[in-house]
Amino acid sequence: MKNFRYMDGAAILRLNRETCVGCGMCVTVCPHRIFGLRDKKAEILDYNACMECGACARNCPVAAIYVNPDDGCGCAAYIINSWIAKVRGSSVPVCGC
Amino acid sequence: MDGFVETPAGAVPRVKTTMTGRDRCGTVKARTGIARTNYKVIPGLYCVGTPGPESPVIVTANYKLSFDALRKELAGIDAWILVVDTRGINVWCAAGKGTFSTEEVAFQVKATHLAEVVSHRELILPQLAATGVAAYELKKKCGFRGVFGPIQAAHIPRFLRNGKQADETMRAVTFTLRERLALVPVEIWLLWKLLLIVLLVIFVLSGIDPDVYSLAATWTRGSAAAVATLLAILAGAMATPILLPWIPGRQFWLKGMQVGALTGIAAVLLSSGRTNIIGDLGLWVWTVVITSYLAMNFTGSTPYTSLSGVEKEMRRGLPLQIGGAALALVLWVAAPFIG
């Protein structure tokens, strides 16, 4: 993955080290290896590599991690449809992916 | 299918760890898009080898490609395979969409009476299911605890040999040339309906000329525009994914612009004599923006772009692409009237 970097500062990912119990599940599940453990607490080592898959947040037993909760595959067609849906006030967009 | 293994919870179908001609044919159909959806395995319990009560339980999605990817790596291994109902969607996408969930895994554990089949209480989950499955909640819901195995099925034998320990290479997602190539046929296939409409419009518009309408121009100019469109599809949905790590920049619409700029030159050279300089400019702009849009759409297939990032780049790229496409059409229609 070293050859692939996406836009810096775009991903929505927050870790609350106060709440963290240091179980290390986020370290285990992250497919981009962005977490580490320091002083028995999780820390974000490479924030800009986050793709918002949400695996860390889902597996955090104390809800210390927040990730952009919007799901959807992230293709342009999906996002255009989600914008249209927002304007129209209609329900969940689809893209056919 | 390769017979059954008798268990206290009934007979469990045993599957082969080799792929037949029919399996490969199905893979090709799914990968090209001919029959990509509705390629499912019936959810439930399966096995490979001759598993017993102590054998590991590996969980996967009910997309046939996911199931095949797993079983073909399990040669010489005795294991149970628990297939959960993800509506025929692969592990990662299903986890993202919420169908590969804690509840679904717990449901299948109960429905298959897994507790009667094995003596241990442990499930090996694909790491990419973590987006949908909370391992800490599984125990409460079905009595089995979840352990995240490797991302790739190919690493499972090593994972099992290592005492169910995954090393860093098993835990990090990759996006190799091979993996990107596998996505290309579907990227192109999904465009065919849109392409038909676009080509129809292009041919009709190409006929407009100072003599009201020219059928000859419909063909000569129309074919030049059609070639440019096809080149743009190859550039955006094939060349960009293949060359992805080597194209400068991070935003996909910008990567596409660069590939499109070069492809546009090829489109102009190929159109030689069929239009004038204004028309050539229109062709070039058209190729650039179509390539850029398709490159941007590829973000949905990569394993490293965040939804927030894609939205951000689309707010920049899309107005330019729409404006560019409009400009290209104006230039194309105006060309026979100027010069």
Side-chain angles (χ1 to χ4, degrees), chain A residues 1-13 21 23-36 46-63 65 67-83 86 92 94-97, chain B residues 37 92-93 95-98 101-102 125 127-137 146-148 151 166 168 171-176 186-187 190 194 244-246 250-253 293-315 317-318 321:
Chain A
M1 264 304 150
K2 286 198 188 81
N3 296 328
F4 298 98
R5 296 295 296 189
Y6 199 42
M7 300 156 75
D8 287 343
I12 300 169
L13 164 70
V21 290
C23 72
M25 272 312 278
C26 52
V27 182
T28 302
V29 297
C30 177
H32 291 284
R33 320 308 297 145
I34 76 172
F35 290 96
D46 190 0
Y47 162 78
N48 287 319
C50 175
M51 61 167 291
E52 300 178 337
C53 75
C56 52
R58 169 81 65 212
N59 277 278
C60 178
V62 291
I65 304 174
V67 178
N68 178 10
D70 287 347
D71 45 35
C73 70
C75 64
Y78 173 85
I79 291 171
I80 291 170
N81 288 341
S82 76
W83 287 344
K86 216 176 273 174
V92 196
V94 287
C95 60
C97 285
Chain B
T37 52
W92 208 2
C93 290
K97 288 175 201 244
S101 62
T102 318
L125 300 158
Q127 187 188 324
L128 294 183
T131 294
V133 181
Y136 71 91
E137 283 181 343
V147 173
F148 286 108
I151 287 178
E168 281 298 299
R171 293 241 174 266
V173 75
T174 56
F175 203 31
T176 60
V186 164
E187 291 288 318
L190 288 176
L194 189 64
L244 199 62
W246 303 290
R250 293 187 179 183
Q251 298 181 46
F252 283 57
W253 73 279
Y293 177 79
L294 293 176
M296 193 174 78
N297 200 40
F298 187 64
T299 51
S301 303
T302 75
Y304 75 101
T305 52
S306 62
L307 196 61
S308 301
V310 179
E311 268 202 80
K312 209 170 176 177
E313 76 160 275
M314 279 182 65
R315 266 183 241 118
L318 201 59
Q321 289 155 359

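Below, chains carry the letters A, B, ... as their sequence lines are ordered, and counting in each starts from 1. If you're wondering where the values come from, they're calculated on a predicted model, not measured in any experiment.
- For A:Y6, the ring-ring contact (aromatic ring centres under 6.0 Å, His included) partners two or more places apart in sequence, or in a different chain, are B:F252.
- Per-residue heavy-atom pair counts under 4.5 Å with chain A were compared for B:W92, B:F148, B:Y293, B:Y304, and the maximum is reached by B:Y304.
- Side-chain atoms of A:R33 come within 3.5 Å of backbone atoms of A:V27 as a donor-acceptor pair (strictly under, hydrogens ignored).
- Considering only heavy atoms from C-beta on, B:L294 stays 4.5 Å or farther from B:E187 through its side chain.
- Residue contact with chain A, scored on non-hydrogen atoms closer than 4.5 Å, involves the backbone and the side chain of B:F175 alike.
- A donor-acceptor distance shorter than 3.5 angstrom exists from the side chain of B:T305 to the backbone of B:T299, with no hydrogens or angles considered.
- Between A:I79 and B:L307 the shortest side-chain heavy-atom distance falls below 4.5 Å.
- For the pair A:R58 (side chain) and B:A130 (backbone), a donor-acceptor distance under 3.5 Å is absent.
- Neither the backbone nor the side chain of A:C23 comes within contact range of chain B, judged by heavy atoms closer than 4.5 Å.
- Of the listed residues A:T28, A:I12, A:N68, the one with more heavy-atom pairs under 4.5 angstrom with chain B than any other is A:T28.
- For B:W253, no part sits under 4.5 Å from any heavy atom of chain A, backbone or side chain.
- Taking 4.5 Å as the limit, every side-chain heavy atom of B:V310 sits out of range of all side-chain heavy atoms of A:Y78.
- Residue A:N3 touches chain B through both its backbone and its side chain, counting heavy-atom pairs closer than 4.5 Å.
- For B:L318, the part lying near chain A is the side chain, with the backbone staying farther off; criterion is any non-hydrogen pair under 4.5 Å.
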Give the intermediate values and the outcome of side chain to side chain contact (heavy atoms under 4.5 Å, CB included) for residues B:R250 and A:D8. CA-CA 9 Å; B:R250 293 187 179 183; A:D8 287 343; 2.8 Å; yes

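- Side chain of B:E137 to main chain of B:T102: no donor-acceptor pair is present (N/O by atom type, distance under 3.5 Å, no hydrogens or angles).
- With chain A as the partner, the residue from B:G98, B:A129, B:G309 showing the most heavy-atom pairs under 4.5 Å is B:G309.
- Of the listed residues A:C30, A:A49, A:G9, the one with more heavy-atom pairs under 4.5 angstrom with chain B than any other is A:C30.
- For the set B:A135, B:A95, B:P303, the entry with the most heavy-atom pairs within less than 4.5 Å of chain A is B:P303.
- Without hydrogens or angle criteria, A:E52 side chain to B:S306 main chain gives no donor-acceptor distance under 3.5 Å.
- For A:R5, the parts sitting under 4.5 Å from any heavy atom of chain B are the backbone and the side chain alike.
- The most heavy-atom pairs under 4.5 Å with chain A, out of B:T174, B:T176, B:T131, come from B:T131.
- Ranked by heavy-atom pairs under 4.5 Å with chain B, the first of A:V67, A:I80, A:L13 is A:I80.
- The contact between A:C53 and chain B is made by backbone and side chain atoms together, counting heavy-atom distances below 4.5 Å.
- Residue contact with chain A, scored on non-hydrogen atoms closer than 4.5 Å, involves the backbone and the side chain of B:E313 alike.
- B:V133 touches chain A through its backbone: at least one of N, CA, C or O sits under 4.5 Å from a heavy atom, while the side chain does not.
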